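Below: the structure, in structure tokens.
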2 protein chains.
Amino acid sequence: MEQLRETLKGHHLRTTTCREDVLLTFMNKKNALSHGDLEGALGENYDRVTIYRTLKTFLEKGIIHKVLDDEGLRYALCSHQCSEEKHQHDHIHFKCNECGKTNCLENLHIPNVALPAGYQPESFNLLIQGKCPECLGNN
Amino acid sequence: MEQLRETLKGHHLRTTTCREDVLLTFMNKKNALSHGDLEGALGENYDRVTIYRTLKTFLEKGIIHKVLDDEGLRYALCSHQCSEEKHQHDHIHFKCNECGKTNCLENLHIPNVALPAGYQPESFNLLIQGKCPECLGNN
DNA sequence: AAAAACACTGCAACATCGTTGCAAGTGTTA
DNA sequence: TAACACTTGCAACGATGTTGCAGTGTTTTT
């Protein structure tokens, strides 16, 4: 609870119930969430547009980051401390083809890729799809 | 020209002018294209819906594959021979933040990633963002 | 060569997703 | 607590993507 407010204040955002709820939802469900997921969870309390704007704000402030897979756009909490100025840019995500959930794989580093001459890389984003431990265990 | 027909026939598709044009567009512009790009290029000749369906068909037949970046969904030709049954699943794409174009990096292999225990990977998709040789050269 | 079966296209209508302007409400600071 | 700036909800809009259907063009069958 207090932690939520700290997070918001730390990113120079006013604490509102909508922002607290969105943040709380991200922290409870561990996987990446789409706007639709949030609307499903909070839609009766807040307007669609407000949720869009909350996501946009969180993105700009570096509280969440985009997660992409073949089904569309999702968002996940930034584990590393990100701010408006500096955003941790390397991400590895794992999407389970069985349950459909996408998670950040922390503590993994993307190995060096030998790019052709002339390319100047700035950020890396790796999406691995397959089966997650939970779904493998249920067979 | 003939090559186009061969590609279509090879994937058990009828040759229609729309499919030829879409395929041609992919071959001319080397980078990944969105539906909007194709609509811009061919929209006066073909219906929006037809282009959607053409993309869907090409996807199913393994002629093109999805390319994702933070701006949305795009498509690119499959260089490796893909068919309905077998689809080459590892992709590396480079998106230039300057010109906005996304290209497939062929002949690159994604290095092994040490996944946490219990994860069973099936496909890899790496997006590298940065500056491309063309844009670097223009400075 | 004609008929039957199939596949492709365009149109219209619809559903979903995301954005913008504005007025009213709320949090923050002095 | 008063003033200000930020946030929210509403309404309207635009963009994106899907579905059903009728008409047309291709194959296939006989």
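Everything numeric here is computed off the predicted structure, so don't read it as measured data. The chains referred to below are lettered A, B, ... by the order of the sequence lines, with proteins before strands, and numbering in each begins at 1.
Between the CG atom of B:N45 and the P atom of C:dC8 there is a distance of 19 Å, given to the nearest Å. Look at CD on B:E60: it is 11 Å from P on C:dC8, rounded to the nearest Å. Going from atom CD of B:E39 over to atom P of D:dT16 covers 8 Å, rounded to whole Å. Rounded to a whole Å, the NE2 atom of B:H12 is 18 Å from the C1' atom of C:dC8. For the pair B:E71 CD and D:dA15 P, the interatomic distance rounds to 17 Å; values are reported in whole Å. Taking atom NZ of residue B:K56 and atom C1' of nucleotide D:dG17, one finds them 10 Å apart after rounding to whole Å. If you measure from atom OH of B:Y52 to atom C1' of C:dA15, you get 13 Å, rounded to the nearest angstrom. Atom P of nucleotide D:dT16 and atom CG of A:L73 are separated by 15 Å, given to the nearest angstrom.
The aromatic ring centroids of A:H35 and A:Y52 lie less than 6.0 Å from each other.
Atoms OG1 and CD, from A:T15 and A:E20 in turn, are 5.5 Å apart once rounded to the nearest 0.5 Å. Interatomic distance, OG1 of A:T7 versus CZ of A:F26, reported as 13.0 Å (0.5 Å rounding). To the nearest 0.5 Å, atoms CD (A:E98) and CG (A:L136) are separated by 8.0 Å. Rounded to the nearest 0.5 angstrom, A:L38 CG and A:I51 CD1 are separated by 6.0 Å.
Side-chain atoms of A:N97 and B:E122 form a donor-acceptor pair, as typed in the model, at a separation below 3.5 Å.
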Report the C-alpha separation of B:K66 and A:D70 in whole Å, then their side-chain angles, then the decisive distance to 0.1 Å, and conclude whether the salt bridge (charged side-chain N to carboxylate O under 4.0 Å, His left out) test is met.
-> CA-CA 7 Å; B:K66 290 186 182 180; A:D70 51 345; 5.2 Å; no
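In this model, a side-chain donor or acceptor of B:R48 finds a partner on the base of D:dG17 within 3.5 Å. Residue side chain A:R53 does not reach the base of C:dG18 through any donor-acceptor N/O pair under 3.5 Å, judged by distance alone.
In this model, the phosphate group of C:dC8 is not approached by any side-chain N or O of B:T15 to a distance below 4.0 Å at OP1 or OP2.
In terms of position on DNA chain C, the residue among B:I51 and A:K9 whose nearest nucleotide sits closer to the 5' end is B:I51.
Distance from the side chain of B:D47 is smallest for C:dC11 among the nucleotides C:dC11, C:dT9, C:dC6.
Looking only at distances, a side-chain donor or acceptor of B:T25 sits under 3.5 Å from a matching main-chain atom of B:D21.
Helix bend of the helix from C:dA1-D:dT30 to C:dA30-D:dT1: the angle between its two end axes, each built from five pairs, comes to 40° after rounding to 10°.
Note on ring orientation: taking the six-membered ring where Trp is involved, the planes of B:F94 and A:Y119 are perpendicular (angle over 60°, cut-offs 30° and 60°).
Contacts between residues 16-24 of chain B and DNA chain D, counted as heavy-atom distances below 4.0 Å, involve no residue at all.
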